[in-house]
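Quick notes on the structure that follows.
Just so you know, residue 1 is the first one in the sequence shown, and it goes up from there. None of these values were measured; they are calculated from a predicted model.
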Amino acid sequence: MSLLPLFNNNQPTLSPSNNFFLNKTLKRNILFGFFAILIISSITINLYHFINCYLEDTSEYFLLDNNNNNSNDNKENLNYLSQNFLPNVSYPKLKDLIIVTGHAIYLGENEENWILEDYQKGNGQVNTFIKHIKKGVELVKENEESLLIFSGGETRPSAGPRSEAQSYYALAQSLNLLSSTINSTAQTTTSTTQYPLITRIITEEYARDSYENLLFSICRFNEYTNNYPRNITVIGFQFKKKRFLELHRFALKFPLNRFNYIGIDPDNSSPLGRFVNENVNSLGPFKQDLYGCHGKLLDKKLTRNPYRRSHPYQISCPELSLLFNYCPKNQSQLYPDILPWG
């Protein structure tokens with residue numbers, strides 16, 4: 001006898017009611033699967049875009065992450081970006097920086113054509129601004145390895161989006177100070193070449209106070225020459241000399257023996273009044289707040305930025321990006337890292 005079951009050719013059949021129920025369940029499962037695939041696909045696409053936009057493209061966050069352990073990699077990336085968007089340096093190597101700090105905005109040579117604060121009116125300050133400009137042009141002519149920078153941002157709402165630096169440059173042009181040519185003797189040859197003076201006079205248009213006049217001009221020098229300055233000369237009011245020498249230069253760790261300040265004050269202003277005003281409004285506050293990023297000094301910066309400008313120097317000078325954002329809780333604490341000119 002065979003141990004195998006008998007083969008039955010008859011196929012099992014379902015009743016009409018069971019067949020209808022099976023078809024309905026199958027259709028429902030297929031429909032459910034279709035919608036599940038759509039939902040999963042949508043989630044996958046959105047997750048991909050989120051990762052691509054917010055996690056992979058992190059270059060814009062390099063500027064904000066001061067505590068990132070990969071800060072050196074960030075700086076290299078920023079430097080790569082800056083080199084891609086800047087043309088090659090195509091003029092003689094310049095080593096020394098001359099800064100004329102802006103104090104007002106020029107609209108015309110007479111005092112009524114300047115945008116002045118009340119304390120700047122009627123005491124010979126406009127003539128002093130012109131002396132500062134002329135001294136800067138004189139020095140850049142004397143030193144063929146120097147670059148002159150007029151520094152000052154769009155600080156006055158009544159002047160419109162016009163910077164102190166550009167207005168100083170316009171005044172120098174109106175006085176016919178920029179039209180001459182300069183002789184230059186290359187160190188490797190005895191031949192002398194001439195080039196326009198305007199190639200050695202530029203502007204820095206974001207500074208809102210004296211500390212930023214110095215820091216931003218140093219970076220602007222680097223933008224233009226691809227080097228940081230060997231020596232720095234600042235031209236401004238004599239009563240600000242102590243502030244620049246003892247505070248701003250010190251805060252930026254620039255060597256004292258490579259730093260010079262030329263002070264020119266109005267002839268008919270009160271030395272005592274200048275001294276008191278400087279100590280109360282600037283020198284004293286900067287002694288307490290070395291980087292000018294708290295309280296009164298911060299408020300002054302905000303007031304002097306009516307057009308909400310933001311400087312680009314974190315991109316063009318990535319090695320200084322941490323310094324630009326440095327604001328210690330201990331307001332007199334010196335920036336701890338080494339700087340390129342140290």
Side-chain angles (χ1 to χ4, degrees), residues 96-103 119 125 128-129 131-132 135-136 139 146 148-153 164 204 206-222 228-266 269-301 304 313 317 320 322-342:
D96 299 329
L97 169 60
I98 302 167
I99 305 169
V100 171
T101 59
H103 299 95
Y119 68 86
Q125 291 212 30
T128 307
F129 302 154
K131 290 179 181 178
H132 293 167
K135 186 63 176 178
L139 292 181
S146 65
L148 170 60
I149 297 180
F150 297 124
S151 173
E164 295 173 357
E204 184 293 302
Y206 294 93
R208 299 165 294 177
D209 61 16
S210 54
Y211 170 73
E212 290 185 346
N213 284 139
L214 181 55
L215 174 58
F216 289 178
S217 293
I218 290 174
C219 184
R220 184 74 182 96
F221 183 93
N222 179 265
Y228 286 103
R230 173 182 59 185
N231 300 301
I232 296 177
T233 298
V234 179
I235 302 169
F237 290 113
Q238 175 64 26
F239 65 83
K240 293 186 178 182
K241 182 174 183 178
K242 187 178 181 69
R243 189 199 315 179
F244 273 88
L245 282 175
E246 298 184 8
L247 297 179
H248 300 335
R249 180 204 59 80
F250 173 74
L252 299 181
K253 298 182 177 181
F254 198 87
L256 180 60
N257 62 345
R258 292 160 48 195
F259 191 91
N260 184 35
Y261 188 93
I262 298 176
I264 304 173
D265 278 345
S269 60
S270 165
L272 178 60
R274 293 196 302 266
F275 174 81
V276 171
N277 183 66
E278 169 69 2
N279 277 273
V280 171
N281 295 317
S282 297
L283 186 63
F286 269 112
K287 282 182 178 179
Q288 301 298 321
D289 182 9
L290 198 56
Y291 294 90
C293 57
H294 299 274
K296 179 180 179 179
L297 293 177
L298 174 60
D299 292 341
K300 187 182 292 186
K301 285 183 181 182
R304 290 178 175 174
Y313 303 133
C317 300
L320 302 182
L322 297 181
L323 176 60
F324 292 131
N325 293 325
Y326 184 65
C327 187
K329 292 182 179 179
N330 178 359
Q331 299 179 22
S332 59
Q333 181 178 338
L334 193 63
Y335 180 72
D337 294 341
I338 297 174
L339 293 168
W341 49 84

Using the side chain to side chain contact (heavy atoms under 4.5 Å, CB included) rule, take Leu215 and Leu252 through it: C-alpha gap first, then chi angles, then the decisive distance, then the call.
CA-CA 7 Å; Leu215 174 58; Leu252 299 181; 4.0 Å; yes
Check whether any side-chain heavy atom of Tyr228 lies under 4.5 Å from a side-chain heavy atom of Leu339, and answer yes or no.
no
What's the separation between atom CD1 in Ile235 and atom OG1 in Thr101, rounded to the nearest 0.5 Å?
8.5 Å
Go through it in stages, so that I can follow the logic: the residues are Leu247 and Leu290, the test is side chain to side chain contact (heavy atoms under 4.5 Å, CB included), and I'd like the CA-CA distance, side-chain angles, deciding distance and then a yes or no.
CA-CA 7 Å; Leu247 297 179; Leu290 198 56; 4.2 Å; yes
Please check: side-chain N/O of Tyr291 versus main-chain N/O of Leu323, any donor-acceptor pairing under 3.5 Å?
no
Any donor and acceptor pair, going by atom type alone, linking the side chain of Lys135 with main-chain N or O of Val100 inside 3.5 Å?
no
Over 12 non-hydrogen atoms of neighbours within 6.0 angstrom of NZ in Lys301
yes
Starting from the C-alpha separation in whole Å, work towards a yes-or-no answer on side chain to side chain contact (heavy atoms under 4.5 Å, CB included) for Asn222 and Leu320.
CA-CA 11 Å; Asn222 179 265; Leu320 302 182; over 6 Å; no
When rounded to the nearest 0.5 angstrom, what is the spacing between CG in Leu148 and OG in Ser217?
9.5 Å
Gap separating the CG atom of Asp265 from the NZ atom of Lys131, nearest 0.5 angstrom:
10.0 Å
Test item: Lys300 side-chain N/O and Gly292 main-chain N/O as donor-acceptor pair under 3.5 Å:
no
Quick one: pull up CZ in Arg230 and CZ in Phe221 and give me the separation to the nearest 0.5 Å.
8.5 Å
Quick one: are Gln288 and Leu297 in side-chain contact, heavy atoms under 4.5 Å?
no
Phe237 vs His132 aromatic rings, parallel, tilted or perpendicular, using cut-offs 30° and 60°?
perpendicular
Can you tell me how far apart CH2 (Trp341) and CG (Asn231) are? Round to the nearest 0.5 Å.
14.0 Å
Consider only side-chain N and O atoms of Glu212 and Tyr313, and report whether a donor and an acceptor are under 3.5 Å apart.
no
Considering only heavy atoms from C-beta outward, does the side chain of Val234 approach that of Asn213 to under 4.5 Å?
no
Going through the distances and angles, do Lys296 and Asp289 end up as a side chain to side chain contact (heavy atoms under 4.5 Å, CB included)?
CA-CA 9 Å; Lys296 179 180 179 179; Asp289 182 9; over 6 Å; no
Separation between CD (Gln331) and SG (Cys293), nearest 0.5 Å, reads 7.0 Å
Is the backbone of Arg304 close enough, under 3.5 Å, to the side chain of Arg208 for a donor and an acceptor to pair up by distance?
no
Which atoms form the tightest heavy-atom contact between Arg258 and Pro229, and what is the distance?
NH2-O, 3.4 Å
Once the angle between the rings of His248 and Phe244 is folded into 0 to 90°, is it parallel (under 30°), tilted (30 to 60°) or perpendicular (over 60°)?
perpendicular
Ring centroids only, cut at 6.0 angstrom: are Tyr206 and Phe216 within range, meaning strictly under it?
no
Test your reading of the model: is there a side-chain donor-acceptor pair from Arg249 to the backbone of Phe254, 3.5 Å cut-off?
yes
Closest heavy-atom pair, Pro328 versus His294, reported as atoms and distance to 0.1 Å, is O-NE2, 2.9 Å
